[in-house]
Amino acid sequence: MRRLPRLVAAAALGAALCGPALAQTTPVGVWKTVDDATGQEKSLIRISDAGGVLTGRIEKLLDPATPPDAVCKECSDERKDQPILGMTIIRNVRPDDSDKGLWGGGDILDPNNGKVYKVRLKPIDGGARMDVRGYIGAPLLGRTQTWIRAE
């Protein structure tokens with residue numbers, strides 16, 4: 001009987017310590033993007049949830065080579081010639097019904113070339129990092145970047 005209070009206390013402590021980690025396994029938050037080729041930090045992206053639909057916008061440009069007033073000259077949709085800072089680059093992403101750790105169904109814009117790709121988001125390492133896969137057609141035909149949680 002004396003062990004029961006200790007077990008309850010240990011379980012409560014474990015839940016308190018794991019709670020924040022479990023809450024971070026969602027894409028919602030601020031993410032640091034890193035250039036694949038150079039390893040240089042490029043931007044901060046804030047991903048928000050509105051009614052179960054995720055969107056992501058460029059909150060801060062970190063690359064000193066990118067002017068703060070840069071516009072998306074290569075974009076072909078309503079974002080053409082719009083400022084990159086503040087631009088929504090992830091749209092219409094929802095939780096995947098078949099995989100609880102995956103979000104998809106939306107698209108992502110690469111403001112460097114103006115191309116729009118289908119996107120899949122998968123938080124990894126307890127939500128400290130996230131695999132962002134942009135692809136055309138099937139997920140096998142794409143590229144994955146790993147973003148780092150900044151907030």
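Computed from a predicted structure; not experimentally measured.
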Could you give the distance from [atom1] ([X]) to [atom2] ([Y]), rounded to the nearest 0.5 Å?
X: Ile84; Y: Ile58; atom1: CD1; atom2: CD1; value: 6.0 Å
X: Ile45; Y: Trp147; atom1: CD1; atom2: CH2; value: 5.0 Å
X: Ile108; Y: Ile90; atom1: CD1; atom2: CD1; value: 4.0 Å
X: Arg129; Y: Ile148; atom1: CZ; atom2: CD1; value: 7.5 Å
X: Lys115; Y: Asp110; atom1: NZ; atom2: CG; value: 9.0 Å
X: Gln145; Y: Arg133; atom1: CD; atom2: CZ; value: 11.5 Å

*What do the steps show when you test Arg143 against Asp36 for side chain to side chain contact (heavy atoms under 4.5 Å, CB included), and what is the final call?*
CA-CA 10 Å; Arg143 181 179 68 136; Asp36 296 339; 2.5 Å; yes

Is the closest side-chain heavy-atom distance between [X] and [Y] below 4.5 Å?
X: Lys32; Y: Leu44; result: yes
X: Asp96; Y: Arg120; result: yes
X: Leu54; Y: Arg94; result: no
X: Thr26; Y: Trp103; result: yes

*Please check if any side-chain donor atom of Thr88 sits under 3.5 Å from a side-chain acceptor atom of Arg57, or the reverse.*
no

Would you say the side-chain atoms of [X] pair up with the backbone N or O of [Y], donor to acceptor, closer than 3.5 Å?
X: Asp35; Y: Thr38; answer: yes
X: Arg149; Y: Gly127; answer: yes
X: Ser43; Y: Thr33; answer: no

So, for [X] and [Y], which heavy atoms are closest and what is the spacing to 0.1 Å?
X: Ile47; Y: Pro27; answer: CB-O, 3.4 Å
X: Leu121; Y: Met130; answer: CB-SD, 3.9 Å
X: Leu109; Y: Met87; answer: CD2-SD, 3.5 Å
X: Ile89; Y: Arg79; answer: CA-NH1, 4.0 Å
X: Pro123; Y: Gly101; answer: CD-O, 3.6 Å
X: Leu141; Y: Tyr135; answer: O-CB, 3.3 Å

*asked:* Using a strict threshold of under 4.0 Å (side-chain N to carboxylate O), is an ion pair present between Arg91 and Asp107?
replied: yes

*State plainly whether one hydrophobic cluster holds both Ile136 and Val93, where clusters connect Ile, Leu, Val, Met, Phe, Trp and Tyr through side-chain heavy atoms under 4.5 angstrom apart.*
yes

*Hey, any chance Val119 and Val34 share a hydrophobic cluster, counting ILVMFWY side chains that come within less than 4.5 Å of each other, even indirectly?*
no

_Could you check whether atom NZ of Lys80 has more than 12 heavy atoms from other residues, nucleotides or ligands sitting under 6.0 Å from it?_
yes

